[in-house]
Amino acid sequence: MQYDHIIIRYGEIALKGKNRKVFTNQLSDNIAKKLKQFSAIKISMHRDRMYIVLNGENPKKIIEKCKNIFGIQSLSLAVKTTNEVTDIKEAALNVLTKEPNVKTFKVTTKRANKEFPIGSQEFNHVLGGHLLSNTNDYKVDVHQPDIEIRVDIRKKATYITSKKILGAGGLPVGSSGKTLLLMSGGIDSPVAGYLTMKRGVQVEAIHFHSPPYTSERAKQKVLDLAERLTEFGGKVKVHVVPFTKLQQKIYREIPHGYSMTVMRRMMLRISEHIAKQEGILSLTTGESLGQVASQTMESMNAINEVTNFPIIRPLIAMDKEDIIKIAEHIETYEISIRPFEDCCTVFVPNAPKTKPKTDKVKYLEELIDFTNDFSETIANVQTIEVSEEEQKKKDLFDLL
Ligand code: ATP
Ligand code: MG
């Protein structure tokens, strides 16, 4: 008897009240999209869990894919059988003997179906006895077993599982709206995107580039990072903003101590504009308090002043080391450290103010008319849709 089902357990979704359906429907959609290539599978949705009916598809590959789907707390391979004691015994014996390197086991029965005639405790003994008398080398160990045979007796069927695999946690992407992620090509912003996705948010990205000061490869790097993010949240739109003209003007017209602050304010204004165009209600950045000059309390205050949009900063209280760990885990780190100049590094003055004053920034900005440059920049934004398909093609290419 082969494992024929995968049980998907919800984490936080299980705590949702009336609108739980919104979350479970989203999760089911996301799973279906992610597993599109496994055409035989069926997803069946229940109040407290989902089942993927394998119909002969490769469970290992499916579990690997599911590990990156937010909203899944844990997964288990399962054998489905009837509620007949003899069938349960046979299936449990199969599950036990199929696992390699197992010497000790424990049976845990959960009887959601109270019509089942034997109590959970008693059934643990009945089944444990059956397993012992039909095998040679196994022992029961209730404290630290090599394997736990879990028997879940439900209304219409019984599911037998052995291992719980940890899922990605969080909420299904798409269940908490959309954000526009300011993505630089550095280490931090993709991690910020990933963590926002984890809270159920769909991500679009905006990238400011300044050709010829920044190269085509710097832009490609951002597209590659976006591609990695599709692994966790489906397709990602990337809005590429031609920032050269505005940056040159800022650099030329604004005293150098303040040019970084003005440039950041401009980035936020443009981001807000694009977000509104796309019907997006928040911005997300990879800022982390105190990391660089633009991320001091005073800088953030002066920069943030241009927008009323909520700015999500998932990394604000994180240390760089912890951010890097996540970047490695989601495989963006290697892409982020490719050595191409970012528009902000090219134009950053030697000594940007770490404590800019908002009044002074506003005064300096009022002396210059940015209206035409702003409109021209917005008009020339290039939007590229990065999809998982491209990621898959690349995977395939890597294999050849
Ligand atoms: P990152 O590693 O994400 O580049 P950082 O530590 O280098 O972050 P900064 O360069 O100060 O920090 O940027 C802070 C945040 O501003 C970034 O996390 C990102 O959200 C946004 N940002 C910076 N440069 C760009 C850019 N060229 N395009 C879009 N967003 C940017
Ligand atoms: Mg940066």
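Counting starts at 1 for both ligands and their atoms, following the listed order.
- Smallest separation of non-hydrogen atoms from C66 and L75: CB-CD2, 3.5 Å.
- Of the candidates M260, E287, R264, Q247, the one placing a heavy atom closest to atom 16 (O) of ligand 1 is R264.
- Below 3.5 Å of separation, one finds no N or O of T285 facing any N or O of ligand 1.
- At least one donor-acceptor pair under 3.5 Å links the side chain of E57 to the backbone N or O of A40.
- Proximity to D188 (heavy-atom distance under 4.0 Å) selects the following atoms of ligand 1: 1 (P), 2 (O), 3 (O), 5 (P), 6 (O), 8 (O).
- Of the possible donor and acceptor atoms, none in the side chain of T104 sits under 3.5 Å from a partner among the backbone N and O of K139.
- Close approach of ligand 1 to I206 (heavy-atom distance below 4.0 Å) involves ligand atoms 29 (C).
- Screening R9, R49, K80 for a salt bridge (charged side-chain N to carboxylate O under 4.0 Å, His left out) with D152, the sole residue that qualifies is R49.
- For the pair K98 and Y3, the distance from NZ or CZ to the six-membered ring centre is under 6.0 Å and the angle to the ring normal is within 45 degrees.
- In this structure, T82 contributes its side chain and E84 its backbone to a donor-acceptor pair below 3.5 Å.
- When all heavy atoms are compared, the tightest approach of N101 to D146 is O-OD2, 4.2 Å.
- With ligand atoms numbered from 1 in the order given, ligand 1 contributes 1 (P), 2 (O), 4 (O) to contacts under 4.0 Å with heavy atoms of G186.
- Below 3.5 Å of separation, one finds an N or O of M183 facing an N or O of ligand 1.
- Checked by atom type and distance alone, the side chain of D141 never pairs as donor or acceptor with a backbone atom of F105 at under 3.5 Å.
- Considering both main-chain and side-chain atoms, G286 comes within under 3.5 Å of ligand 1 through a nitrogen or oxygen pair.
- Annotation: S189 places an N or O atom under 3.5 Å from an N or O atom of ligand 1; distance criterion only.
- Contact annotation: for H209 versus ligand 1, there are no heavy atoms closer than 4.0 Å.
- Atoms of ligand 1 lying under 4.0 Å from at least one heavy atom of I187, given by number and element, are 2 (O).
- Of all the heavy atoms of L181, none lies under 4.0 Å from any atom of ligand 1, so neither backbone nor side chain is involved.
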